Amino acid sequence: MSCIFCQIAAGEIPAEILGRSESAVAFRDVNPQAPVHVLVIPVDHLGSAAEARGDAGEATLGAVMRLGVEVAAGLGLVEGGYRFVINTGADGGQTVPHLHLHLLGGRQMRWPPG
Ligand code: AMP
């Protein structure tokens, strides 16, 4: 299995896991861009949000977002707020080709993003 996020989902390489559902896993980003920086991925490999089509894509995105919302609440981010980001493809700044939701919090976010 070559995909690094598939390996994290399978427990084959270490990560600080913060939450898990039947179809999604949340873990801390190794290079945090905010005091809280968590990634939420689908267990089953999907290259990017651009591939999340139809009923299966809807279910995948829903599962990832749901776990992201739950982890954000568990980390105490509801009052202060947080940001979800899904970088998609080259222009979107995606570097790991396995769909992932960034959960960023613990500081004031800026807009527009870089
Ligand atoms: P993106 O640029 O949207 O594709 O984001 C990829 C993210 O994955 C970056 O924020 C990286 O810091 C993070 N990342 C890469 N490898 C690992 C890893 N082994 N464990 C945790 N986060 C990782």
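Every heavy atom of this structure was used, including side-chain atoms; hydrogens, water molecules and symmetry mates were not. When a ligand or atom number is given, it counts from 1 through the structure's own listing order. As the structure is a prediction and not an experimental result, all values here were calculated from the model.
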Answer yes or no: is there a donor N or O on one side and an acceptor on the other, between the side chain of His98 and the main chain of Pro42, under 3.5 Å? yes

Check whether Arg83 reaches the backbone of His102 with its side chain - one donor and one acceptor, N or O, closer than 3.5 Å.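 The answer is no, because no donor-acceptor pair under 3.5 Å joins these two groups.
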
With respect to atom 11 (C) of ligand 1, which of Asn31, Ile41, Asp29 exhibits the smallest heavy-atom separation?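 Residue with the shortest heavy-atom distance to the ligand atom: Asp29.
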
Selection from Ile8, Leu39, Thr95 by shortest heavy-atom distance to atom 2 (O) of ligand 1: Thr95

Is there a path of hydrophobic side-chain contacts, each under 4.5 Å between heavy atoms of I/L/V/M/F/W/Y residues, joining [Y] to [X]?
| X | Y | value |
| --- | --- | --- |
| Val78 | Leu101 | no |
| Phe27 | Val36 | no |
| Val43 | Ile8 | yes |
| Leu67 | Val85 | no |

I need the nearest protein heavy-atom contact for atom 5 (O) of ligand 1: residue, atom name and distance, please.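 Residue, atom and distance for the closest contact: His100 NE2, 3.0 Å.
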
Which residue and heavy atom of the protein sit nearest atom 23 (C) of ligand 1, plus the separation: Val30 CG1, 3.5 Å

Distance under 4.0 Å to a non-hydrogen atom of [X]: what atoms of ligand 1 satisfy this?
| X | result |
| --- | --- |
| Ile4 | 19 (N) |
| Gln94 | 4 (O) |
| Arg28 | 21 (C) |
| Gly93 | 1 (P), 2 (O) |

Please indicate whether any nitrogen or oxygen in Asn87 is less than 3.5 Å from any nitrogen or oxygen in ligand 1. yes

May I ask you to check if ligand 1 and Phe27 share an N or O to N or O distance below 3.5 Å? no

Member of Thr60, Val40, Ile41 meeting the side chain to side chain contact (heavy atoms under 4.5 Å, CB included) criterion with Leu99: Thr60

Out of Val69, Val38, Leu103, Val71, which residue meets the side chain to side chain contact (heavy atoms under 4.5 Å, CB included) rule with Leu77?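 With Leu77 as partner, Val69, Val38, Leu103, Val71 yield a single side chain to side chain contact (heavy atoms under 4.5 Å, CB included), made by Leu103.
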
Does Ala15 have a non-hydrogen atom less than 4.0 Å from ligand 1?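 Flag not set, Ala15 not near ligand 1.
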
Within the structure, is a non-hydrogen atom of Gln33 found at a distance of less than 4.0 Å from ligand 1?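 Checking ligand 1 against Gln33, which is what was asked, there is no heavy-atom contact under 4.0 Å.
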
